[in-house]
Amino acid sequence: ALLGSLERFMGVLIEHYGGAFPSWLAPVQVVVLPISERHHDYAGRVVEQLAAADLRVRADLRSEKIGLKIREAQLQKLPYMLIVGDREQEHTNVAVRDRSEGDLGPMNIADFAGRVRKLVESRSMGPL
């Protein structure tokens, strides 16, 4: 009986959020999207920094166009997408996209991690 009530609770939760969980509840909070293969090393360093900040993060290292990667991340309803390319690598920052707000512009990695950690800790529903 206990397992059945847990399954019902999860069903209600998924239906309530329509699969678009807030960042504190999402299984993957952040996806790092490198523009090309030469940015994979930098994307890996970004993933390491965010994982060290206790964020659930992964990188999409497929050799697909960035537009497709962003579209698929939107369809998966991931809260945050970090795009990394030449400009971001040069300035050691990331271009941030919010699932609902869209493009938030460039941001320092530590600042981004701190803002998301704050949202997670406060169980906030709002954007950065």
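In what follows, every heavy atom counts, from backbone to side chain, and hydrogens, waters and symmetry copies are set aside.
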*Salt bridge flag under 4.0 Å for residues Glu64 and Arg71*: no
_Donor-acceptor pair, distance only, cut-off 3.5 Å: does the side chain of Gln29 make one with the backbone of Arg56?_
yes
_Note, Tyr42 side chain near Pro34 side chain (heavy atom, < 4.5 Å)_ = no
*Nearest 0.5 Å, what's the OG-CZ distance between Ser23 and Arg123?*
10.0 Å
_Run the side chain to side chain contact (heavy atoms under 4.5 Å, CB included) test on Tyr80 and Leu119 for me, step by step, so that the C-alpha distance in whole Å, both residues' side-chain angles and the decisive distance to 0.1 Å come before the verdict._
CA-CA 12 Å; Tyr80 299 103; Leu119 289 174; 3.2 Å; yes
*For Arg38 and Gln89, work out which heavy atoms get closest and say how close.*
O-OE1, 4.2 Å
*Any side-chain heavy atom of Glu37 sitting closer than 4.5 Å to one from Leu61?*
no
*asked:* I'd like to know whether Trp24 forms a side chain to side chain contact (heavy atoms under 4.5 Å, CB included) with Ser124, so could you lay out the CA-CA distance, the side-chain angles of the two residues, the decisive distance to 0.1 Å, and finally the verdict.
replied: CA-CA 8 Å; Trp24 58 272; Ser124 175; 5.9 Å; no
_Please determine whether residues Val96 and Val47 belong to a single hydrophobic cluster, defined as Ile, Leu, Val, Met, Phe, Trp and Tyr linked transitively by side-chain heavy-atom distances below 4.5 Å._
yes
_Straight-line distance of Ile109 CD1 to Glu48 CD, nearest 0.5 Å_ = 11.0 Å
*Given side chains that start at C-beta, do those of Val46 and Val30 come closer than 4.5 Å, heavy atoms only?*
no
*Could you grab the distance from atom OG1 of Thr92 to atom CD of Gln49, nearest 0.5 Å is fine?*
8.5 Å
*Criterion side chain to side chain contact (heavy atoms under 4.5 Å, CB included) on Asn93 and Phe112, from CA distance to verdict*: CA-CA 9 Å; Asn93 62 15; Phe112 172 77; over 6 Å; no
*Give a yes or no on whether Val57 and Val84 share a hydrophobic cluster (residues Ile, Leu, Val, Met, Phe, Trp, Tyr; joining criterion: side-chain heavy atoms under 4.5 Å apart).*
yes
*Distance in Å, Asp103 CG paired with Met81 CE, rounded so as to fall on 0.5 Å steps*: 10.0 Å
_I need the Ser100 OG to Lys77 NZ distance, nearest 0.5 Å._
12.0 Å
*Hey, quick one: are Val116 and Val31 part of the same hydrophobic cluster, counting side-chain heavy atoms closer than 4.5 Å, chains of contacts allowed?*
no
*Can you sort out the partners of Glu121 under salt bridge (charged side-chain N to carboxylate O under 4.0 Å, His left out), two or more places apart, ordered by chain and number?*
Arg117
*Is any side-chain heavy atom of Arg97 closer than 4.5 Å to a side-chain heavy atom of Ile83?*
yes
*Is Leu78 reachable from Leu33 through a run of I, L, V, M, F, W or Y residues, each pair having side-chain heavy atoms under 4.5 Å apart?*
yes
*Between the side chain of Lys69 and the main-chain N/O of Ser63, is any donor-acceptor distance below 3.5 Å?*
no
_For Gln76, give me all partners under side-chain hydrogen bond (donor to acceptor under 3.5 Å, both in side chains), at least two apart in sequence or on another chain._
Arg58
*Treat each ILVMFWY residue as a node, draw an edge where side-chain heavy atoms are under 4.5 Å apart, and state whether Val28 and Leu25 are in one component.*
no
*Is there a side-chain contact between Val32 and Asp60, using heavy atoms and a 4.5 Å cut-off?*
no
*Answer yes or no: is there a side-chain heavy-atom contact under 4.5 Å between Pro27 and Phe21?*
yes
*Got a second to check how far Arg115's CZ is from Asn108's CG, nearest 0.5 Å?*
10.0 Å
*Evaluate the criterion side-chain hydrogen bond (donor to acceptor under 3.5 Å, both in side chains) for residue pair His39 and Asp86; output intermediate values, then yes/no.*
CA-CA 7 Å; His39 304 113; Asp86 291 333; 2.7 Å; yes
